[in-house]
Chemist: 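Structure in structure tokens, see below.
For the numbers below, each heavy atom of this structure counts, side chains included, while hydrogens, waters and symmetry mates do not. So you know, we letter chains A, B, ... as the sequences are listed, proteins then strands, and number each from 1.
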Amino acid sequence: NAGVTQTPKFRILKIGQSMTLQCAQDMNHNYMYWYRQDPGMGLKLIYYSVGAGITDKGEVPNGYNVSRSTTEDFPLRLELAAPSQTSVYFCASSYLALAFTDTQYFGPGTRLTVL
Amino acid sequence: TQLLEQSPQFLSIQEGENLTVYCNSSSVFSSLQWYRQEPGEGPVLLVTVVTGGEVKKLKRLTFQFGDARKDSSLHITAAQPGDTGLYLCAGGGIQGAQKLVFGQGTRLTINP
């Protein structure tokens, strides 16, 4: 199993550009998550999904959109990139319905810089 | 404001010393997880505690969940350079929500 994969690893965007961060998992997990990690701030939840076709907002959803058409994929869309979105983005997945008692498996992250 | 406060945020000690990292909140959690993160990688789960007062050991690492399920600690005995990394606590189930809230992390450096 590849686990959770993310592409790209690094990206530089100009202000106002858009992009999609890709995330895929091959563990047949129901739950998938997008986090951002800023220096000294831990991880903040952006969006999460409990299954294909079902998504919900986390703590910091503004400026982002998600969709989940399959169990395996959970892309994160940035529209009109802003310098405040400079961060490292992590995708994660877990299996159990009570997700907070289960193991979350994280991808390697995407480092995004908006200039 | 941070729902989960970790202390210290930075810690640099010599190999062989003992240390404790704290994770505190004014909120009650259903569970508390500890993750370790290496540079350039995603966090990896170390342990989950779910019962107030619960203690779990992972080799030289001892994790404790507070009796009131508002705080947790991570104690490392005889620290080794391989323990270097970012340690994150994460609380789950606050107000029944099925997601985790992370602390800001403790960056630990063990010097040979």
Side-chain angles (χ1 to χ4, degrees), chain A residues 2-10 21 23 25 27 29-51 54-61 66 87-111, chain B residues 1-11 21 23-25 27-51 54 56 58 65 69 72 85-108:
Chain A
V4 179
T5 57
Q6 292 183 239
T7 56
K9 285 188 180 295
F10 304 93
L21 281 66
C23 173
Q25 53 91 8
M27 297 174 283
H29 284 172
N30 297 315
Y31 282 67
M32 296 187 74
Y33 314 82
W34 274 106
Y35 294 92
R36 59 177 287 173
Q37 185 175 34
D38 301 326
M41 295 299 292
L43 280 80
K44 299 286 188 185
L45 182 65
I46 305 171
Y47 271 96
Y48 68 103
S49 169
V50 303
I54 307 171
T55 62
D56 205 352
K57 296 177 180 179
E59 300 172 71
V60 289
V66 294
S87 189
V88 181
Y89 291 83
F90 289 99
C91 179
S93 71
S94 63
Y95 179 69
L96 291 180
L98 290 177
F100 49 83
T101 61
D102 191 15
T103 301
Q104 285 197 40
Y105 295 88
F106 285 82
T110 294
R111 186 176 295 275
Chain B
T1 55
Q2 197 79 15
L3 199 57
L4 272 173
E5 291 284 346
Q6 285 187 240
S7 62
Q9 290 193 43
F10 299 93
L11 183 59
V21 175
C23 176
N24 295 302
S25 177
S27 301
V28 176
F29 292 96
S30 298
S31 67
L32 202 294
Q33 296 185 325
W34 284 92
Y35 289 81
R36 180 177 156 195
Q37 186 178 16
E38 304 275 3
E41 298 179 8
V44 175
L45 180 68
L46 295 174
V47 75
T48 301
V49 285
V50 298
T51 305
E54 183 175 1
K56 282 192 174 179
L58 187 64
F65 202 10
R69 291 185 288 130
S72 181
L86 179 67
Y87 288 82
L88 296 158
C89 67
I94 183 169
Q95 296 178 345
Q98 296 194 20
K99 47 194 174 183
L100 291 177
V101 174
F102 280 82
Q104 75 271 51
T106 294
R107 189 163 299 280
L108 175 63

Chemist: Other residues, nucleotides and ligands only: do more than 12 of their heavy atoms fall within 6.0 Å of NZ on A:Lys57?
Modeler: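 It does not: A:Lys57 NZ has 12 such atoms or fewer within range.
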Chemist: Against chain B, label A:Gln6 side chain, backbone, both or neither, depending on which of its atoms sit under 4.5 Å from a heavy atom there.
Modeler: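 It is neither, since no heavy atom gets under 4.5 Å.
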Chemist: Is there a side-chain contact between B:Leu3 and A:Glu59 (heavy atoms, below 4.5 Å)?
Modeler: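 No, their side chains stay 4.5 Å or more apart.
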Chemist: Between B:Leu88 and A:Gly42, which heavy-atom pair has the shortest distance, and what is it?
Modeler: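 Scanning both residues, the minimum pair turns out to be CD2-CA, 4.2 Å.
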Chemist: With a 4.5 angstrom heavy-atom cut-off, is it the side chain or the backbone of B:Leu86 that approaches chain A, or both, or neither?
Modeler: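 Contact with chain A: side chain only.
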Chemist: I need the A:Phe106 CZ to B:Tyr35 OH distance, nearest 0.5 Å.
Modeler: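 Between atom CZ of A:Phe106 and atom OH of B:Tyr35 there are 5.0 Å.
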Chemist: Counting only heavy atoms closer than 4.5 Å, note whether B:Gln6 contacts chain A via side chain, backbone, both or neither.
Modeler: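 For B:Gln6, no heavy atom lies under 4.5 Å from chain A.
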Chemist: At a 4.5 Å cut-off on heavy atoms, which part of A:Tyr35 comes close to chain B: side chain, backbone, both, or neither?
Modeler: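 Interface part for A:Tyr35: side chain.
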Chemist: May I ask you to check whether over 12 heavy atoms, not counting those of B:Arg36, lie within 6.0 Å of atom CZ?
Modeler: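 Yes.
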Chemist: In terms of heavy-atom proximity below 4.5 Å to chain B, should A:Leu43 be classed as side chain, backbone, both, or neither?
Modeler: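 Both parts, heavy atoms under 4.5 Å.
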Chemist: Say you draw a straight line from CD of B:Gln33 to CD of A:Gln104; how long is it, rounded to the nearest 0.5 Å?
Modeler: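 Reported value, rounded in 0.5 Å steps: 6.5 Å.
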